[in-house]
Number of protein chains: 2
Amino acid sequence: MATADSYDLDRIFHALADPTRRSILRQIAEGEHSISAIARPHDLTFAAISKHLKVLERARLIGRRKDGSFQMISLNPEALKNADRWLSYYQKFWNLRLEALKDLLERKERP
Amino acid sequence: MATADSYDLDRIFHALADPTRRSILRQIAEGEHSISAIARPHDLTFAAISKHLKVLERARLIGRRKDGSFQMISLNPEALKNADRWLSYYQKFWNLRLEALKDLLERKERP
DNA sequence: TATACACTCAACCAAATGGTTGAATGAAAG
DNA sequence: CTTTCATTCAACCATTTGGTTGAGTGTATA
């Protein structure tokens with residue numbers, strides 16, 4: 001399984017840093033959507049949505065499939081896994097923090 | 001425990017989308033560093049590092065403490081936990097994918 | 001007290017981002 | 001074959017980003 005290089009992470013995290021794009025991901029997590037179906041709930045022009053999809057595609061977060069005059073967009077969770085893998089390095093830190101906090105609270109209750 | 005709103009996630013993911021900033025986070029994960037210590041291994045001006053730190057601070061990924069003429073920067077892993085919490089929604093998707101792949105491979109081996 | 005050190009601020013710059021409009025392309029339906 | 005629907009492209013625009021330089025502000029130290 002190939003690990004993401006720094007440039008991949010740049011594109012993945014950049015793609016996730018926009019609320020419209022995160023909203024699109026939630027939408028297609030439920031299943032394939034055409035581009036017009038994706039655009040419908042968003043108050044943006046078609047062209048704007050098209051650009052957002054390109055950003056998501058560049059980060060390999062989505063895939064496309066042609067179906068007649070439609071394009072069906074689907075989630076590609078592999079790329080998200082790369083973001084998760086990067087974050088996992090830091091999990092120990094927030095876990096330590098929480099444990100330290102827990103200790104502190106317990107010490108307060110029975111000193 | 002307060003959950004991150006959309007605007008928080010914008011700032012967190014944006015902060016993570018830059019290799020210099022991710023490198024700074026790795027550095028201070030090992031312990032507090034002064035700003036000059038952070039700057040040393042990076043081939044950038046002091047002012048540039050100062051700006052990156054401001055981006056990380058805005059995302060609440062780091063904290064500052066004054067120590068004489070130094071400023072000590074430390075990791076604040078809570079914010080990262082918010083990114084992780086957002087991603088966790090998608091974990092089921094990549095897990096499903098991997099299981100489907102595993103199934104496929106196993107079926108190949110013993111058809 | 002003068003001088004070095006550790007930064008921050010302001011001004012500037014080029015490139016990228018996120019949006020728009022309007023024209024262009026390509027498939028499907030009348 | 002014309003029209004309509006689904007989408008992209010090109011041009012444009014304002015704002016943000018990531019960097020620079022050079023001056024300014026504290027805090028130590030000789």
Side-chain angles (χ1 to χ4, degrees), chain A residues 6-28 31-75 79 83, chain B residues 6-28 31-75 79 83:
Chain A
S6 184
Y7 196 50
D8 285 339
L9 287 172
D10 288 2
R11 290 185 291 191
I12 293 168
F13 283 127
H14 169 67
L16 299 182
D18 182 278
T20 301
R21 288 191 294 262
R22 288 196 305 274
S23 156
I24 291 173
L25 289 177
R26 282 275 163 161
Q27 229 180 322
I28 62 176
E32 271 192 341
H33 281 61
S34 72
I35 299 189
S36 23
I38 292 170
R40 209 163 300 127
H42 294 100
D43 198 18
L44 285 174
T45 59
F46 238 75
I49 296 290
S50 191
K51 280 188 182 183
H52 279 304
L53 291 175
K54 230 181 270 177
V55 173
L56 290 167
E57 203 173 15
R58 199 170 46 131
R60 290 190 222 119
L61 286 164
I62 63 170
R64 284 173 202 248
R65 181 177 69 82
K66 276 218 161 176
D67 181 16
S69 68
F70 288 81
Q71 284 194 48
M72 301 309 279
I73 306 292
S74 58
L75 187 67
Chain B
S6 184
Y7 196 49
D8 285 339
L9 287 172
D10 288 2
R11 290 185 290 191
I12 292 169
F13 284 127
H14 169 69
L16 298 181
D18 182 278
T20 302
R21 289 193 291 262
R22 287 196 305 274
S23 156
I24 291 173
L25 289 178
R26 281 274 163 162
Q27 229 179 322
I28 62 175
E32 270 192 340
H33 281 61
S34 72
I35 299 188
S36 23
I38 291 171
R40 209 165 299 128
H42 294 99
D43 198 18
L44 286 174
T45 58
F46 239 75
I49 296 290
S50 191
K51 281 188 182 182
H52 279 304
L53 291 175
K54 232 180 270 178
V55 173
L56 289 167
E57 204 174 12
R58 198 170 47 131
R60 291 193 220 116
L61 286 164
I62 62 170
R64 288 173 199 246
R65 180 176 69 83
K66 277 215 160 180
D67 181 17
S69 67
F70 288 83
Q71 284 194 48
M72 301 309 279
I73 306 292
S74 57
L75 187 68

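No hydrogens, no waters, no symmetry mates; every other heavy atom, side chains included, goes into these values. Residue numbering restarts at 1 for every chain, and letters A, B, ... go by the order of the sequence lines.
Contact annotation: A:H52 side-chain N/O to C:dG19 OP1/OP2 distance is under 4.0 Å. Applying the 4.0 Å criterion to OP1 and OP2 of C:dA28, one finds that A:S69 has every side-chain N and O outside that range. A sub-4.0 Å separation between OP1 or OP2 of C:dT8 and a side-chain N or O of B:K54 is absent.
C:dA6 atom P lies 16 Å from atom CZ of B:R65, rounded to whole Å. Atom P of nucleotide C:dA27 and atom CG of A:D67 are separated by 13 Å, given to the nearest angstrom. Rounded to whole Å, the distance from CG on B:D18 to C1' on C:dA15 is 14 Å. Taking atom CZ of residue A:F46 and atom P of nucleotide C:dA23, one finds them 18 Å apart after rounding to whole Å.
Within a 6.0 Å sphere centred on CZ of A:R22, other residues, nucleotides and ligands contribute more than 12 heavy atoms.
Using a 4.0 Å heavy-atom cutoff across all strands shown, B:S36 reaches sugar-phosphate atoms only and no base atom.
Of the two residues contacting DNA chain C, namely B:Q71 and A:L44, the nearest-nucleotide position lying further toward the 5' end is that of B:Q71. Each of A:A48 and A:K66 lies near DNA chain C, and the nucleotide nearest A:A48 is the one positioned closer to the 5' end.
Using modelled atom types and a 3.5 Å distance limit, the side chains of B:T20 and B:H42 yield no donor-acceptor pair.
Heavy-atom contacts of chain B under 4.0 Å fall on DNA chain D between two terminal nucleotides, which in 5' to 3' order are D:dT17 to D:dA28.
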